There are 2 protein chains.
Amino acid sequence: MIAPLLSHIQKYVPLTHEEQEVIAQYVQCLTVKNKQYLFTEGAPCSAQYFVIEGCLRMYFIKENGVEQIIQFGIDNWWISDYTSLTLNKPSQFYLQAVQPSKLFVLKKDKQEALFEHVPKLESYFRRIYQRAYAAAQTRQIYFSDLSGEEKYHHFATRFPDFIQRIPQYMLASYLGFTPEFLSKIRAKK
Amino acid sequence: MIAPLLSHIQKYVPLTHEEQEVIAQYVQCLTVKNKQYLFTEGAPCSAQYFVIEGCLRMYFIKENGVEQIIQFGIDNWWISDYTSLTLNKPSQFYLQAVQPSKLFVLKKDKQEALFEHVPKLESYFRRIYQRAYAAAQTRQIYFSDLSGEEKYHHFATRFPDFIQRIPQYMLASYLGFTPEFLSKIRAKK
DNA sequence: CGAAAATCTTAATCATGATTAAGAAACGCA
DNA sequence: TGCGTTTCTTAATCATGATTAAGATTTTCG
């Protein structure tokens, strides 16, 4: 059950058998239905989610009422509202399944306890967050250098299988434009 | 000399006197002039920079030749191209002083050695990167929810002293619009 | 199966902010 | 002090993508 997470961790740090068991005791496995929420705006977000299967979206509601997706959670990626998690503030985001999904949940207090028992995990998360931040920097390039149409083609080329799995209006939201505009782009070919 | 960095680290993890001395041996202090580059596009970026005084800008050159600033480096903030640093790839960015500045430099190989000697620093950087990633998530809200004019007013309200210190065209670049448009906004009042 | 909900498309009009091209003002340094 | 470089402003035209509104299609689920 917990194998996918342990094997992900071991890409970064080796684990003894005992450490693996400790980890298994601190995380929960969770199966969610399509449209189920993990947390919503206004409520403090007190956990991180590791996606094994399925797909999540994290979004906020803009001033004009439109949903803006800022991240998809797919296989082997940790996702959370890190401002809320770090500073115990109410979340600014909604985290929702967009497919039936399987996750691991690591609560904030469990994470802290886990660091005491398995200090190596500080190193694991240090690397994970470093990569997440690196990815955020790279994303900024695409989002400020490409036009809407270019962003779509770039994304469709890099993740051809992923765009089949989600509704187009969600892709449009993630790419920062309207579903109508996405239709227009697609009609060109 | 190294005091500002040690005191920043100690906001997150306590340090013994010996640990402080080890750290001092692994980081270099660097004074740079206005316009001096720390790294440029194409060259691998092999260090992180901690700004004590002055101001840096990290930017890339867009397809159309325009400079796009993605981050300013100011007091007590680590700055680097984390994709280049993590994966040993050529940097996508330029990091340049926009004021005479004082920095600490932590080279990649030194950082790794430092983690061996002072494992606590894994925890420090784990927290630093977690916060950096959190800030990147929050920035996404402002950049996708606010119009150009709103971004300017928001930024001017939050950092009134900072906007006095840098040329307006750099602020425009950071906020994602042209200097001409910034002039137009300012002319309204 | 059938109805309601979810998703996608088209087209007309509109707004934000880019581009271009000047010129004006401020600053930096010899 | 003066001259060149940087920085800032104004205004006209233009393009990307938003908005609005409607209808068409597909999916879901009782």
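Here is how names work: the chains are called A, B, and so on, in the same order as the sequence lines, proteins then strands, and each is numbered from 1. Computed from a predicted structure; not experimentally measured. Below, each value reflects all heavy atoms present in this structure, side chains not excepted, and no hydrogens, waters or symmetry copies.
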Close N/O contacts between protein and nucleotides 18-20 of chain C (under 3.5 Å):
from   : atom 1 : to     : atom 2 : distance (Å)
C:dA18 : OP2    : B:T178 : N      : 3.2
C:dA18 : OP2    : B:T178 : OG1    : 3.0

Salt bridge (Lys or Arg N to Asp or Glu O under 4.0 Å) pairs, two or more places apart, involving residues 53-66 of chain B: B:R57-B:E67

Between [X] ([atom1]) and [N] ([atom2]), how many Å, whole number?
{"X": "B:E149", "N": "C:dA15", "atom1": "CD", "atom2": "C1'", "value": "13 Å"}
{"X": "A:L146", "N": "D:dT16", "atom1": "CG", "atom2": "C1'", "value": "14 Å"}
{"X": "B:I185", "N": "C:dA15", "atom1": "CD1", "atom2": "P", "value": "18 Å"}
{"X": "A:K188", "N": "C:dT10", "atom1": "NZ", "atom2": "C1'", "value": "15 Å"}
{"X": "A:F143", "N": "D:dG17", "atom1": "CZ", "atom2": "C1'", "value": "15 Å"}
{"X": "A:R186", "N": "C:dT7", "atom1": "CZ", "atom2": "P", "value": "14 Å"}
{"X": "B:Q99", "N": "D:dT6", "atom1": "CD", "atom2": "P", "value": "17 Å"}

Suppose we screen for side-chain hydrogen bond (donor to acceptor under 3.5 Å, both in side chains). Which residues come up paired with [X], at least two apart in sequence or across chains?
{"X": "B:Q25", "result": "none"}
{"X": "A:Q71", "result": "B:Y133"}
{"X": "B:Q168", "result": "B:R186"}
{"X": "B:W77", "result": "none"}

Test item: A:R126 side-chain N/O and B:Y129 main-chain N/O as donor-acceptor pair under 3.5 Å: no

Spatial distance of atom OG (B:S147) from atom CD1 (B:I185) [nearest 0.5 Å]: 7.5 Å

Spacing of A:F115 atom CZ and A:S123 atom OG [to the nearest 0.5 Å]: 10.0 Å

Angle by which the axis turns from one end of the helix from C:dC1-D:dG30 to C:dA30-D:dT1 to the other, five pairs per end, to 10 degrees: 60°

Nearest-nucleotide comparison on DNA chain D, the residue closer to the 5′ end among B:S183 and B:K35: B:K35

Under the salt bridge (Lys or Arg N to Asp or Glu O under 4.0 Å) test, residues paired with B:K120 that sit two or more places apart: B:E19

All salt bridge (Lys or Arg N to Asp or Glu O under 4.0 Å) counterparts of A:E180, not counting sequence neighbours: none

Base-contact (B) and sugar-phosphate-only (S) positions in nucleotides 25-30 of chain D, heavy-atom cut-off under 4.0 Å, - elsewhere: ------

Contacting residues from residues 154-171 of chain A, given that a heavy atom lies under 4.0 angstrom of DNA chain C: A:P167, A:Q168, A:Y169

Parallel, tilted or perpendicular: ring planes of A:Y174 versus A:F72, cut at 30 and 60 degrees: tilted

By side chain to side chain contact (heavy atoms under 4.5 Å, CB included) - contacts of A:I141 (at least two apart): B:F60, B:Q92, B:F93

Distance-only polar pair, side chains of B:Q48 and B:Y82, donor-acceptor under 3.5 Å: yes

